[in-house]
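First comes the structure, then the notes that go with it.
Sequence lines set the chain letters: A, B, ... in the order given, protein chains first and strands last, and positions in each chain run from 1.
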Amino acid sequence: MAGASSRTLLEKSPHRLLARAVAEAARSLGAEIDPREVEYVVSESPDPRLGDYGVPLARFARRHRLDPGELAERVRELLQEEPLVAEVVEARGYLNIRLSAAEAARLLAEALRREGEALGLVKTEEPMRLVVEHTSANPVHPLHIGHARNASLGDTLARLLRARGHWVETRFYINDMGRQVAVMVYGFRLAGISSVPEGVKPDHYIGLVYAITHTLADIEQLKRRLEELKKQGRGDSEEYRETLRRLDSLVADAARLRERDPELFDRIAEAIKGRDPDRDISEIMRAYEQRSDEQLVKLFRSLVEQCLCGFRETLERMNIRHDKWDWESDLAWTSMVGRVLEEARRSPYYTIHRGAEALNLQPLLEDPVIRKALGVPEGYEVPPLILRRSDGTTLYATRDIAYTLKKFREANADKVYNVVAAEQRLEQLQVRLALIALGYRREGLNTVHYAYEMVNLPGQKMSGRRGRYITLDQLLDQAVAIARREVEKRSPSLPEEEKQRIAEAVGTAAVRYALVSVSAPKPMTFDINKALDFEQSSAPYILYTHARAANILAKAKQRGIEIDWDNMDHGAAEENPLRRRLAIQLLQYPYIFTKAADEQRPELLVAYLNRLADTFNKWYASGDSAVNEPDPAKRSLKLALVAATKHILANTLRILGIEPIERM
RNA sequence: GGGCCCGUAGCCUAGCCAGGAUAGGGCGCCGGCCUUCUAAGCCGGUGAUCCGGGGUUCAAAUCCCCGCGGGCCCGCCA
């Protein structure tokens with residue numbers, strides 16, 4: 001069996017080659033340079049005449065007070081021993097290398113022969129046990145585009161880390177203790193029903209009940225306020241007029257909601273008349289937390305479970321499945337939250353803040369190790385964290401501390417990733433600091449807030465409380481419908497069933513791809529027409545390229561042509577600039593993959609996919625056919641390039657949660 | 001009031017942490033290419049005061065300071 005593996009490709013990636021050479025050369029001249037420092041700044045050369053990759057060597061020489069000429073000479077000597085380096089070129093402060101495409105092709109072919117479809121997926125030498133919590137949407141309305149960003153990022157992160165060889169468990173935190181769920185349950189009680197009617201997607205119906213109830217409750221509240229103001233003789237105050245304006249807007253929302261199900265709306269509206277919804281809801285919430293009403297507990301659990309069924313159905317379409325589903329209420333009902341409180345009382349950071357039990361987290365920020373690990377700037381002030389209300393009930397953050405510990409314990413985890421919106425930054429920081437305050441330093445420092453910014457729609461802002469949202473189901477349906485039209489146009493002769501299968505795959509893939517294409521901390525405006533643009537830089541483009549590569553291999557097989565590993569003209573990779581570029585780009589994959597995994601940056605994979613597909617399509621269009629190549633040794637080389645491209649596209653798509661297809 | 005995130009062509013986006021080579025892509029728009037492995041493709045053209053102003057540096061989209069615009073957070077909410 002041949003020698004090179006994907007790990008070899010990783011070690012021989014231009015980044016690593018240059019970094020090692022520069023670090024070693026510097027050491028021989030008496031200076032210490034961290035190879036990573038060099039690796040970061042390796043870049044592609046702007047002009048092929050200057051080589052393929054380069055590093056601004058002059059700046060390292062300057063920084064470490066070395067003679068630039070001497071350093072360059074040492075680096076050159078080291079690199080010239082490497083068969084993959086065809087030439088060393090110095091230009092404008094840079095030291096560049098031109099790679100030997102023949103050697104790149106040889107290494108690539110060896111790795112491909114040895115690893116087949118697993119090409120490029122280099123396993124880590126330090127596997128860890130990891131938990132990724134993601135999606136965790138409130139079970140009161142259907143998933144919308146914002147949840148889809150969370151779910152896509154979370155699922156991709158989990159798949160990426162698994163591909164890298166870590167043990168990963170995904171979890172969904174079921175937030176059933178909040179006021180929102182109580183509002184939803186209240187609505188079902190008012191409507192006099194205990195489950196979602198047959199034939200309706202449960203999360204959609206629950207979302208409607210929730211929005212109606214929330215809006216009507218708010219209307220009741222505002223009406224009461226207006227009465228009060230009038231009684232106080234403040235009927236012409238600014239507050240009165242402002243309240244009136246808000247009421248108007250709520251009434252408009254209510255009218256829209258009524259249109260969706262007049263009968264349901266009227267029933268809830270009739271039942272809520274003359275009640276004090278705020279008090280009712282608080283009462284329901286308390287009864288659930290204390291488990292004082294068995295019927296009610298059953299209703300809560302059953303409705304939430306129905307909503308989760310809806311979530312699962314939607315997530316399934318996006319190839320997302322969670323390993324574990326954790327109920328927030330289970331934390332409150334068992335001793336877990338109680339134990340957190342006991343431990344807090346023994347902590348030196350325990351304090352009574354305005355009559356409530358709390359943790360004073362500020363002193364922890366004096367420790368620079370903690371600050372650095374949690375990414376907190378110097379001088380940052382963190383407010384005390386209330387753990388228990390004066391009335392004895394616990395808070396979201398308290399339960400979240402217990403939950404984080406549960407995640408560590410049950411999975412015996414080394415690290416926990418929380419894929420949670422950026423707006424929760426403070427709460428996430430407080431939870432991590434609280435863990436440290438309670439003596440769980442390792443857990444606190446190894447909990448990662450994987451933050452992402454909100455997704456907005458081009459029009460108005462979404463609001464679950466008012467039922468103003470585009471559901472993920474609608475979005476996926478729309479995407480599939482667009483894909484279906486395309487399939488119809490391009491492949492009218494395919495059987496109906498296959499057309500639909502392709503449309504489903506392409507449409508849902510387009511949504512996922514678009515969501516991970518934008519880096520997480522960037523706010524996103526989701527324009528459905530743009531996301532579903534089936535042009536370059538989209539899932540359909542990558543899928544098409546994959547299908548194209550698959551088609552070439554299928555055609556070769558049809559003609560009885562196989563890759564002859566022992567008679568392969570690696571040198572042929574040098575003959576054509578596009579073959580050459582493809583070989584070098586493929587060689588780069590293990591480096592990109594490991595970097596994406598180790599830095600948790602799936603968007604690097606998206607960028608790479610676009611570049612690889614681009615090069616492959618250009619090569620394809622240049623007419624340098626693989627199956628029609630008469631020279632068997634050259635043909636083997638070309639087919640190896642096609643196969644490597646196909647496997648790498650397929651593997652990377654799978655990491656993005658997209659199932660590659662052979663035909664489209 | 002304090003803090004965090006974002007600001008790159010008409011639109012979207014990479015690069016910023018770890019400063020260096022003419023700021024990469026995509027969409028749009030204009031013009032080409034289907035009797036050879038799939039035209040969801042390819043080729044050519046068009047388009048950027050890198051939000052503004054200072055500073056550090058041999059060198060700034062990138063680092064620092066002051067502003068501007070957008071979003072978010074500062075609850076005994078979740």
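- Ring-to-base geometry places Y94(A) in a stacked arrangement with A21(B) (centre distance under 5.5 Å, plane angle under 30°).
- The interatomic distance linking F60(A) (CZ) with G19(B) (C1') rounds to 11 Å, in whole Å.
- Using a 4.0 Å heavy-atom criterion, one finds that P46(A) contacts the bases of the nucleic acid, with or without backbone contacts as well.
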Output one line per pair: protein atom, nucleotide atom from nucleotides 11-18 of chain B, and distance, for all N/O pairs under 3.5 Å.
unit_1: C11(B); atom_1: O2'; unit_2: K530(A); atom_2: NZ; d: 3.0
unit_1: A14(B); atom_1: OP1; unit_2: S519(A); atom_2: N; d: 3.3
unit_1: A14(B); atom_1: OP1; unit_2: S519(A); atom_2: OG; d: 3.2
unit_1: A14(B); atom_1: OP2; unit_2: K522(A); atom_2: NZ; d: 2.5
unit_1: G15(B); atom_1: OP1; unit_2: R601(A); atom_2: NH2; d: 3.0

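- Using a 4.0 Å heavy-atom distance criterion, A422(A) is classed as making no nucleic acid contact.
- Nucleic acid contact class of L387(A) (heavy atoms, under 4.0 Å, all strands): none.
- Residues R63(A) and E37(A) are in side-chain contact: their nearest non-hydrogen atoms beyond the backbone lie under 4.5 Å apart.
- Comment: R62(A) does not engage D67(A) in a salt bridge, judged by the lack of any side-chain N to carboxylate O separation of less than 4.0 angstrom.
- Look at K634(A) and E629(A) and you find no salt bridge, because none of the NZ, NE, NH1 or NH2 atoms lies under 4.0 Å from a carboxylate O.
- Contact annotation: K618(A) side-chain N/O to G41(B) OP1/OP2 distance is not under 4.0 Å.
- One interatomic measurement links the two molecules: OH of Y544(A) to C1' of C42(B), which rounds to 11 Å at whole-angstrom precision.
- Residue R490(A) is classed as a base contact, given a heavy-atom separation below 4.0 Å to a base.
- Taking atom CZ on R548(A) and atom P on C37(B), their separation rounds to 11 Å, with Å as the unit.
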Check nucleotides 74-78 of chain B against the protein and report each pair of N or O atoms closer than 3.5 Å, with its distance, or say if there are none.
unit_1: C76(B); atom_1: O3'; unit_2: R389(A); atom_2: NE; d: 3.3
unit_1: C76(B); atom_1: O2; unit_2: S390(A); atom_2: N; d: 2.9
unit_1: C76(B); atom_1: O2; unit_2: S390(A); atom_2: OG; d: 3.1
unit_1: C76(B); atom_1: N3; unit_2: S390(A); atom_2: OG; d: 2.2
unit_1: C76(B); atom_1: N4; unit_2: R354(A); atom_2: O; d: 2.2
unit_1: C76(B); atom_1: N4; unit_2: S390(A); atom_2: OG; d: 3.2
unit_1: C77(B); atom_1: OP2; unit_2: R389(A); atom_2: NE; d: 2.7
unit_1: C77(B); atom_1: OP2; unit_2: R389(A); atom_2: NH2; d: 2.9
unit_1: C77(B); atom_1: O3'; unit_2: R389(A); atom_2: NH2; d: 3.3
unit_1: A78(B); atom_1: OP1; unit_2: R389(A); atom_2: NH2; d: 2.8
unit_1: A78(B); atom_1: OP2; unit_2: Y396(A); atom_2: N; d: 3.2
unit_1: A78(B); atom_1: O3'; unit_2: N175(A); atom_2: OD1; d: 2.7
unit_1: A78(B); atom_1: O2'; unit_2: N175(A); atom_2: OD1; d: 3.3
unit_1: A78(B); atom_1: N1; unit_2: Q424(A); atom_2: OE1; d: 3.1

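- In this structure, the ring of W333(A) has its center less than 6.0 angstrom from the ring center of Y288(A).
- Salt bridge status for D52(A) with R98(A): absent, with no side-chain N to carboxylate O gap under 4.0 Å.
- Here the side chain of A626(A) is nearest to one of G71(B), C37(B), G26(B), namely C37(B).
- Nucleic acid contact for Q558(A): none, since no nucleic acid atom lies under 4.0 Å from a heavy atom of the residue.
- Salt-bridge check for K618(A) with D614(A): passed, with a basic side-chain N closer than 4.0 Å to an acidic carboxylate O.
- With salt bridges taken as basic N to acidic carboxylate O contacts below 4.0 Å, none links E453(A) and K522(A).
- Of the listed nucleotides (C58(B), C42(B), C5(B)), C5(B) has the atom at the smallest distance from the side chain of E453(A).
- Salt bridge status for E488(A) with R485(A): absent, with no side-chain N to carboxylate O gap under 4.0 Å.
- Using a cutoff of 4.0 Å between basic side-chain nitrogens and carboxylate oxygens, E662(A) and K646(A) are scored as salt-bridged.
- Ion pairing between R501(A) and E504(A) fails under the 4.0 Å rule for side-chain N and carboxylate O.
- Taking atom CG of residue N610(A) and atom C1' of nucleotide C27(B), one finds them 13 Å apart after rounding to whole Å.
- Looking at heavy-atom distances under 4.0 Å, M454(A) makes no contact with the nucleic acid at all.
- In this structure, Y620(A) does not count as stacked on the base of C42(B) under the 5.5 Å centre distance and 30° plane angle limits.
- Atom CG of L553(A) is separated from atom C1' of C37(B) by 10 Å (rounded to the nearest Å).
- The glycosidic torsion of C34(B) lies within 90° of 0, placing the base in the syn range.
- Regarding Q585(A), its CD atom lies at a distance of 16 Å from the P atom of G24(B), rounded to whole Å.
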